[in-house]
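A short write-up of the structure that comes next.
Both counts, for ligands and for their atoms, begin at 1 and track the order of listing. We use all heavy atoms of the structure for the numbers below, so side chains are in, but hydrogens, waters and symmetry mates are not. Values in this document were obtained by computation on a predicted structure and should not be read as measured data.
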Amino acid sequence: MALKIETPLTVNAYINGEIVEAQDHAPRENPAKPDETAGYWPKNTVGEAKQAIDSADEAFKSWKHSEMKDRIERMQKGIQKIKDNQDDLAKLLSKEHGKPIYDAQGELTVSLMFMEYAVENAERVYKEEVNEDERGKNILRHDPIGVVSAISPWNYPLALSTEKIAPALLAGNTMVMKPSPMAPLTVTLVTQMVAEEFPDGVLNIVNGDADIGIELTSNDKVRKIAFTGGTNTGRHIMKAAADTIKNVTLELGGNDPAIFLDDFDVNDEAAMRRVVISNFLTGGQICMIAKRMYVHESIYDQFVEKYMEAAEKWLRIGDPTLEETTVGPVNNKAQLEFVQELIEDSRQNGYDIREVGNVADEEFFNNGYFMYPTVVLGADYDARIVAEEQFGPAVAILKFKDDDHAVELANDSELGLTSSVWGEEAHAIEIAKRIEAGVTMVNTAAIQGLDIRYPFGGVKQSGIGREYGEEGMLEYVDSHSINIPKTKDLPHIPQ
Ligand code: NAD
């Protein structure tokens, strides 16, 4: 059923099957037009967070025994509601986030994709297996873990929430969701829409920042934390989880390298378009995006020339509501200032800074949290723009000497989320195998390189655990082995 989604939209907490009107709301500005309010999110109290956890804990007692058929039917109804409102939800997401409309529609598609994958595979992945041979019998169960706290970031807010909701509930867990205050509206609305299809307390949502996050990650009744966000927040969460040894999945920051081998064809316009678009998709505010570009020295000059040409052609910066816009504003002022600080640091170090792309409406641009996509050339390998996760529309392009050098540079980071290798396919695969990352894409990058049928996640300080694929679904269950061995005594026990 299509809802009437109008902005400014006021959302509220949904706890134990009921909308809970908050005492106080905070505005969420439209980053393309900061004097316009996209909507109002509830400033929930720690007491309300506790209430949500209590209701999820109570609901778990019966939901864990529910039939898989029932879980699937309910999730399908939730998915259908999202589909019925897909266009309006994309518009809302674009307005509160700043991402261009094509990008917001893409996020809706990805959000639905994994929910549907989870529905299609839940029966198979979570089924009880019985094995019997001459040594005995084993019943392998996949038991739900309990109350899951799900915490999502602002950059890809909806997809990073629905990818948690679907497997968690299908596995028989209950959940309390908390979105980021920088993009709270669409997630809150969608979570409520899905939650209405489930028994009271199975899916709840509260809003707030670290105060609510701390309650959700330290409360005794929470058994699992599914978190996506920055590495520093991940550290706090791991500590908060330690006291009661909670199960954690942490999808954290990335500083993803992209390697362009000597056999990469710089004249391949389609590939160069992919490079540029993937660098500045969602204004560069994506965890799985090339943030350090390493180009073989033999093709470097030509690469830069072709890259600039493609950037001029494909980067159209401006009003996110327009179909032709490819780059919107930065999501918030603090992030804009941080990226500008990295550019300023590059300027002070004398690096070659190039602003790229086209702005159609300067006045509009100057009013919002916009900046020109910026390419930094000639930076040192340890420059801030290279070593730190910029998470915005800026990228450094650097040279490397040979394959070993490229691998060494790519792996020279505490982070290891995704990466990409571009060039002749067999050569690129060979290099891909040497990179320390959870995902490596060949001849593509960013969301285009995501295959939700396979696990996604980070190594080193980019995280623990996986999302997507069968492995991602298994993060929401505890395996439970019931062993009935034929020989029940140890063979050498003295009589
Ligand atoms: P963030 O860590 O600041 O916030 C993420 C969420 O954590 C928000 O909902 C926030 O309110 C909450 N939070 C803040 N402090 C908390 C605390 N002490 N305890 C519990 N919750 C707390 O991240 P962000 O700025 O929203 O997102 C950007 C970061 O997320 C980037 O580093 C990016 O790389 C990362 N990210 C990673 C992935 C991935 O899949 N690995 C995906 C998207 C974004």
Q.
Going by the closest heavy atom to atom 4 (O) of ligand 1, which one wins out of Asn207, Thr233, Asn232?
A. Thr233
Q.
Looking at ligand 1, would Gly463 count as a contact under a 4.0 Å heavy-atom criterion?
A. no
Q. Where is the tightest heavy-atom contact between Thr231 and Gly253, given as atom of each residue plus distance?
A. OG1-N, 3.2 Å
Q | Per-atom contacts, ligand 1 versus Ser152 - under 4.0 Å to a heavy atom | A | 6 (C), 8 (C), 9 (O)
(Q) For a quick test of reading the model, state the closest non-hydrogen atom pair linking Arg223 to Thr244 and the distance between them. (A) NH1-O, 3.3 Å
Q. Would you say Pro179 contacts ligand 1, with heavy atoms under 4.0 Å as the rule?
A. yes
**Q.** Side chain to side chain, Val119 and Ile79, heavy atoms closer than 4.5 Å
**A.** yes
(Q) For atom 26 (O) of ligand 1, what is the closest protein heavy atom, and at what distance to 0.1 Å? (A) Trp154 CD1, 3.0 Å
Q. Taking N or O atoms only and a 3.5 Å limit, does Phe227 qualify as a polar contact for ligand 1?
A. no
Q.
Give me the nearest non-hydrogen protein atom to atom 27 (O) of ligand 1 as residue plus atom name, then the distance to 0.1 Å.
A. Pro153 CB, 3.3 Å
Q) What is the nearest protein non-hydrogen atom to atom 18 (N) of ligand 1, stated with its residue, atom name and distance? A) Ile214 CG1, 3.8 Å
Q.
As an exercise, identify every atom of ligand 1 less than 4.0 angstrom from a heavy atom of Leu417.
A. 41 (N)
Q. For Met272 and Tyr307, which heavy atoms make the closest approach, and how far apart are they?
A. CE-N, 3.9 Å
Q) Nearest to atom 19 (N) of ligand 1, what protein heavy atom do you find, and at what distance? A) Gly213 C, 3.7 Å
Q) Nearest to atom 41 (N) of ligand 1, what protein heavy atom do you find, and at what distance? A) Leu252 O, 2.7 Å
Q) Less than 3.5 Å between some nitrogen or oxygen of Glu389 and one of ligand 1, yes or no? A) yes
Q. Can you list the atoms of ligand 1 that are under 4.0 Å from a heavy atom of Phe456?
A. 40 (O)
**Q.** Donor-acceptor pair, side chain of Glu389 and main chain of Gly254, under 3.5 angstrom
**A.** yes
(Q) Tell me the protein heavy atom at minimum distance from atom 36 (N) of ligand 1, and give that distance in Å. (A) Cys287 CB, 3.6 Å
(Q) Considering both backbone and side-chain atoms of Gly230, is one of its nitrogen or oxygen atoms within less than 3.5 Å of a nitrogen or oxygen in ligand 1? (A) yes
Q. Hey, does Val295 have a side-chain heavy atom less than 4.5 Å from the side chain of Lys399?
A. no
(Q) Please compare Ala210, Gly229, Ala183 and report which has the shortest non-hydrogen distance to atom 35 (C) of ligand 1. (A) Gly229
Q: Please could you name the atoms of ligand 1 that Leu160 approaches to less than 4.0 Å, counting only its heavy atoms?
A: 42 (C), 43 (C)
Q | Ligand-residue contact atoms, ligand 1 with Ile237, heavy atoms, under 4.0 Å | A | 19 (N), 20 (C)
**Q.** Non-hydrogen atoms of Gln390 and Val395 that approach each other most closely
**A.** NE2-CA, 3.9 Å
Q | Carboxylate-amine/guanidinium contact Lys221 Asp54, below 4.0 Å | A | yes
Q: Classify the angle between the aromatic ring planes of Phe456 and Tyr468 as parallel (below 30°), tilted (30 to 60°) or perpendicular (above 60°).
A: perpendicular
Q. Less than 3.5 Å between some nitrogen or oxygen of Thr228 and one of ligand 1, yes or no?
A. no
Q) With a 4.0 Å cut-off on heavy atoms, does Pro181 reach ligand 1? A) yes
Q: Report yes or no: does Phe391 have a heavy atom closer than 4.0 Å to ligand 1?
A: yes
Q. Just checking, is any N or O donor in the side chain of Tyr126 or Asn121 under 3.5 Å from an acceptor N or O on the other one?
A. no
Q.
With heavy-atom distances below 4.0 Å as the criterion, list the atoms of ligand 1 near Gly253.
A. 32 (O), 34 (O)
Q) Just which atoms of ligand 1 are under 4.0 Å from any heavy atom in Asp209? A) 10 (C), 11 (O), 14 (C)
Q. What do you reckon, does Gly458 put a non-hydrogen atom under 4.0 Å from ligand 1?
A. no
Q: In sequence, state the C-alpha distance, the side-chain angles, and the governing distance for Glu96 and Thr186, and then conclude on side-chain hydrogen bond (donor to acceptor under 3.5 Å, both in side chains).
A: CA-CA 8 Å; Glu96 67 167 326; Thr186 318; 2.5 Å; yes
Q. Without hydrogens or angle criteria, can the side chains of Ser94 and Lys99 be said to hold a donor-acceptor pair below 3.5 Å?
A. no
Q. When the ring planes of Phe365 and Tyr372 are compared, do they come out parallel, tilted or perpendicular, using 30° and 60° as the limits?
A. tilted
Q: State which residue, out of Thr249, Asn173, Asp478, fulfils the side chain to side chain donor-acceptor pair (under 3.5 Å) condition with Lys224.
A: Thr249
Q: Could you tell me whether Asn155 and ligand 1 have an N or O pair separated by under 3.5 Å?
A: no
Q: Look at the rings of Tyr381 and Tyr294 and say which category their plane angle falls in: under 30° parallel, 30 to 60° tilted, over 60° perpendicular.
A: tilted
Q: Can you sort out which atoms of ligand 1 are near Ile151, meaning under 4.0 Å from one of its heavy atoms?
A: 6 (C), 7 (O), 9 (O), 12 (C), 20 (C), 21 (N)
